[in-house]
Protein chains: 2
Amino acid sequence: MSLSQRKEKILAAVVEHYIPTGEPIGSKALCEELGFSSATIRNEMSELCELGFLEQKHTSSGRIPSSKGYRYYVDNLMNTSPLEDIECAKLEAMLRSGAKTPEKIIENAGGVLARLTNCATVITTPADKSASISKVELIPATAKTAVLVLLTSSGIIKNCVCRIDIDINDNIKDTFKKIVDKYFIKARVAELSEEMLEEIISALGTEDYAVKPLLSALYELGREAGESKAFVRGEGNLISHSDYANLSELMEFLQQREQLSRLVSFEENRDNSRMSILIGSENYFHEMEDSSLILSRYAFGDNAMGTIGVIGPTRIDYSRLIPDVEYLTDMVGRLLAENFGDNDNN
Amino acid sequence: MSLSQRKEKILAAVVEHYIPTGEPIGSKALCEELGFSSATIRNEMSELCELGFLEQKHTSSGRIPSSKGYRYYVDNLMNTSPLEDIECAKLEAMLRSGAKTPEKIIENAGGVLARLTNCATVITTPADKSASISKVELIPATAKTAVLVLLTSSGIIKNCVCRIDIDINDNIKDTFKKIVDKYFIKARVAELSEEMLEEIISALGTEDYAVKPLLSALYELGREAGESKAFVRGEGNLISHSDYANLSELMEFLQQREQLSRLVSFEENRDNSRMSILIGSENYFHEMEDSSLILSRYAFGDNAMGTIGVIGPTRIDYSRLIPDVEYLTDMVGRLLAENFGDNDNN
DNA sequence: TGTTAGCACTCTAAACACACGAGTGCTAAA
DNA sequence: TTTAGCACTCGTGTGTTTAGAGTGCTAACA
């Protein structure tokens with residue numbers, strides 16, 4: 001649906017007034033801004049209300065944008081400007097600082113974005129179903145404990161500490177290595193199964209039985225490596241936004257990560273463009289109906305991707321946040337490629 | 001300072017009424033509960049006010065406990081009961097699930113405690129200044145990238161991914177191993193210095209120069225291993241507590257972790273008992289003056305320790321939360337010892 | 001036919017007065 | 001030393017009023 005130019009101007013003006021101030025705006029104020037008489041604007045606004053682009057809290061209040069109104073604004077009317085160079089440099093520094101592991105870079109990015117936007121953020125680690133185990137290393141730590149390190153073809157690293165019942169001798173190491181080479185190396189993480197593990201374990205001889213905890217741990221690591229994990233950061237930021245009627249409901253929603261994960265991965269699959277924006281009632285859960293979600297995908301290796309996004313009230317500054325999120329995911333993708341990319345010829 | 005028995009009874013009754021309800025209580029209600037006449041109670045309460053144990057919001061309101069009042073209650077009047085067995089089992093399961101790395105167990109515990117108490121939690125990873133580097137492993141991942149794993153004597157594991165400019169050949173590995181053995185193995189993490197790193201690097205021959213990124217990364221890992229890190233979880237829980245006048249100030253305080261870290265590590269050093277409780281104005285920062293902090297230490301290895309704690313409004317159920325925190329730190333300590341302890345003869 | 005001025009109407013928010021009740025401090029009696 | 005009684009304080013809740021912002025509708029105008 002397309003609106004007349006005048007309606008578009010009015011809608012844009014309403015949105016751009018409401019976003020920074022949080023106050024409804026009436027015909028009189030718009031009249032000064034746009035040059036049409038207040039009566040004309042009243043007529044137009046009344047129609048915009050009927051069409052569902054604007055709302056009013058009560059008969060004699062000014063108008064505010066509806067979810068549909070924001071949507072039209074974001075799709076057709078909004079001007080975004082790229083980030084300032086200084087900003088970019090600052091962000092890049094924050095992203096580079098400290099993190100030296102793909103997961104940590106990603107997690108850290110969530111915190112950075114939360115600070116930048118003063119909103120909550122959601123970050124999912126990449127799930128690469130086609131990834132396979134490329135390397136497994138056993139590093140003895142004390143006599144009976146060892147660190148297990150697993151690398152996947154897509155560049156994910158997982159480690160854990162594992163204790164076994166007897167001293168880790170060469171025999172144990174050998175047995176473990178043989179089993180790893182035979183069953184785990186090159187195996188797709190998505191295809192690791194409980195049954196396979198059981199089978200391997202049940203085939204162990206009595207003197208080899210001590211490696212069982214190592215195999216269980218390795219299996220767990222493989223599973224983890226194939227799963228996407230969602231983090232939420234900066235929930236606390238939301239309290240500074242006065243828009244939320246009952247924030248605690250939203251908080252609870254954010255706390256139990258599963259539904260949010262589903263929402264994010266559903267969007268990943270639904271829309272294969274880089275960004276997706278869900279405004280107010282467009283979110284699939286009623287807990288999110290007063291919120292907007294700006295999601296953006298980053299690439300990880302050749303096949304995997306993850307999502308970074310912002311959660312805030314519907315009344316957020318889309319024109320600022322969208323480039324913010326975009327830049328950040330971009331930067332994360334670049335950092336990942338630069339540090340951990342397969343491509344060795346740069 | 002010690003109070004008369006009757007004053008103690010009154011103080012306890014005020015606290016125990018205020019904590020669950022959040023409502024001030026007057027002489028009349030207490031009269032019914034305690035059996036003394038309302039006038040007697042009024043006199044006593046008036047004195048308790050003068051002594052600083054009680055407060056009133058305005059002349060004709062009931063009394064509420066002051067920080068000092070809570071303190072007296074916690075120290076002298078409170079009854080705590082240990083956790084139910086079912087609760088314990090549930091918590092243990094939650095703590096055991098997933099985490100297979102010291103850091104992850106600790107971090108996870110913060111989340112578990114946040115859910116359990118419906119408060120924010122703070123967790124610090126152990127800082128063991130006396131820890132030394134016990135093992136360094138270089139695991140090639142792709143031709144030019146490798147995973148670096150570092151273990152310390154106290155059981156901390158750190159890893160990162162590192163890219164160098166040339167292919168990781170045997171020469172590189174050798175050079176790296178020699179330098180590691182000579183300068184890093186057995187070195188105390190607290191004594192790693194920028195100068196030492198510079199020195200090692202400047203002594204590199206041209207053909208060995210490619211290991212520089214590996215050494216820098218290793219240095220970073222060592223530094224990290226010696227530093228305590230603070231996490232905050234469950235900030236969002238705080239909004240469900242109606243006590244806070246301006247929560248955003250507190251949220252901001254919790255977001256910038258440094259001050260909170262300082263507070264926690266200061267307490268670690270000030271008081272060598274297992275728990276410390278800071279109530280309202282006893283906290284050193286004005287952002288925390290409406291909050292209480294219940295901290296408890298867990299042991300990590302022989303020399304290191306970390307802290308787990310709860311942050312909530314002063315009006316929290318001390319008699320429940322104190323055993324909660326205590327049990328949780330206990331459990332974390334036990335889990336760490338069980339899985340990663342040096343002690344191999346159990 | 002589209003635009004505008006004017007007017008009556010609606011609704012909210014703020015200001016005010018008022019009564020109620022919870023709670024106090026003080027005094028005097030038990 | 002404790003208690004009963006009483007006058008006083010103060011916050012909360014309620015009802016009323018008023019000002020103002022904004023609307024919809026109608027009629028006039030270009």
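Just so it is clear, the structure is predicted and the values come from calculations on it, not from any experiment. Numbered from 1 within each chain, the chains take letters A, B, ... in sequence-line order. Scope of the values below: all heavy atoms of this structure, side chains included, with no hydrogens, waters or symmetry mates.
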The answer to which of B/Thr40 and B/Thr59 contacts DNA chain D further toward the 5' end, by nearest nucleotide, is B/Thr40
Check whether more than 12 heavy atoms from other residues, nucleotides or ligands sit under 6.0 Å from atom CG of B/Asn269, and answer yes or no.
yes
Between C1' of C/dG23 and CD of B/Gln56, the distance in whole Å
9 Å
Which comes earlier along DNA chain D counting from the 5' end, the contact point of B/Ala39 or that of B/Lys57, where each point is its nearest nucleotide?
B/Ala39
Taking the six-membered ring for Trp, are the ring centroids of B/Tyr70 and B/Tyr318 within less than 6.0 Å of each other?
yes
Closest to the side chain of A/Arg42, out of D/dG11, C/dT24, C/dC7, is C/dC7
Nearest to the side chain of B/Met45, heavy atoms from C-beta on, is which of D/dT23, C/dT24, D/dC10?
C/dT24
Output the rounded distance in Å from CG (B/Leu54) to P (C/dT24).
10 Å
Nearest to the side chain of A/Arg6, heavy atoms from C-beta on, is which of D/dT9, C/dT3, C/dT4?
C/dT3
Out of D/dG24, C/dC11, D/dC10, minimum distance to the side chain of A/His58 belongs to C/dC11
In terms of heavy-atom contacts, does CD of A/Gln259 have more than 12 from other residues, nucleotides or ligands at under 6.0 Å?
yes
The side chain of B/Ser27 lies closest to which of these nucleotides: D/dT23, C/dT24, C/dA5?
C/dT24
Which whole-number value in Å describes the distance from A/Lys28 NZ to D/dG24 C1'?
17 Å
Let me confirm one number: the CZ-CZ distance from A/Arg63 to A/Phe53, rounded to the nearest 0.5 Å.
14.5 Å
What residues in residues 9-16 of chain A put a non-hydrogen atom under 4.0 Å from any atom of DNA chain D?
none
Nucleotide of D/dA21, C/dG25, D/dT9 approaching A/Ser60 most closely (side-chain heavy atoms):
D/dA21
Write down the atom of A/Asn283, the atom of A/Ser291, and the distance for their closest heavy-atom approach.
ND2-O, 2.9 Å
Counting side-chain heavy atoms from C-beta on, which of D/dG24, D/dA4, C/dT4 comes nearest to A/Arg63?
D/dG24
Could you point out which residue of B/Thr117, B/Thr121, B/Leu260, B/Ile294 forms a side-chain contact (heavy atoms from CB on, under 4.5 Å) with B/Ile311?
B/Leu260
How many Å lie between CD on A/Glu47 and P on C/dG2, as a whole number?
11 Å
Would you compute the distance between atom CG of B/Leu247 and atom CZ of B/Phe253 and round it to the nearest 0.5 angstrom?
13.5 Å
Which whole-number value in Å describes the distance from A/Asn43 CG to D/dA27 P?
15 Å
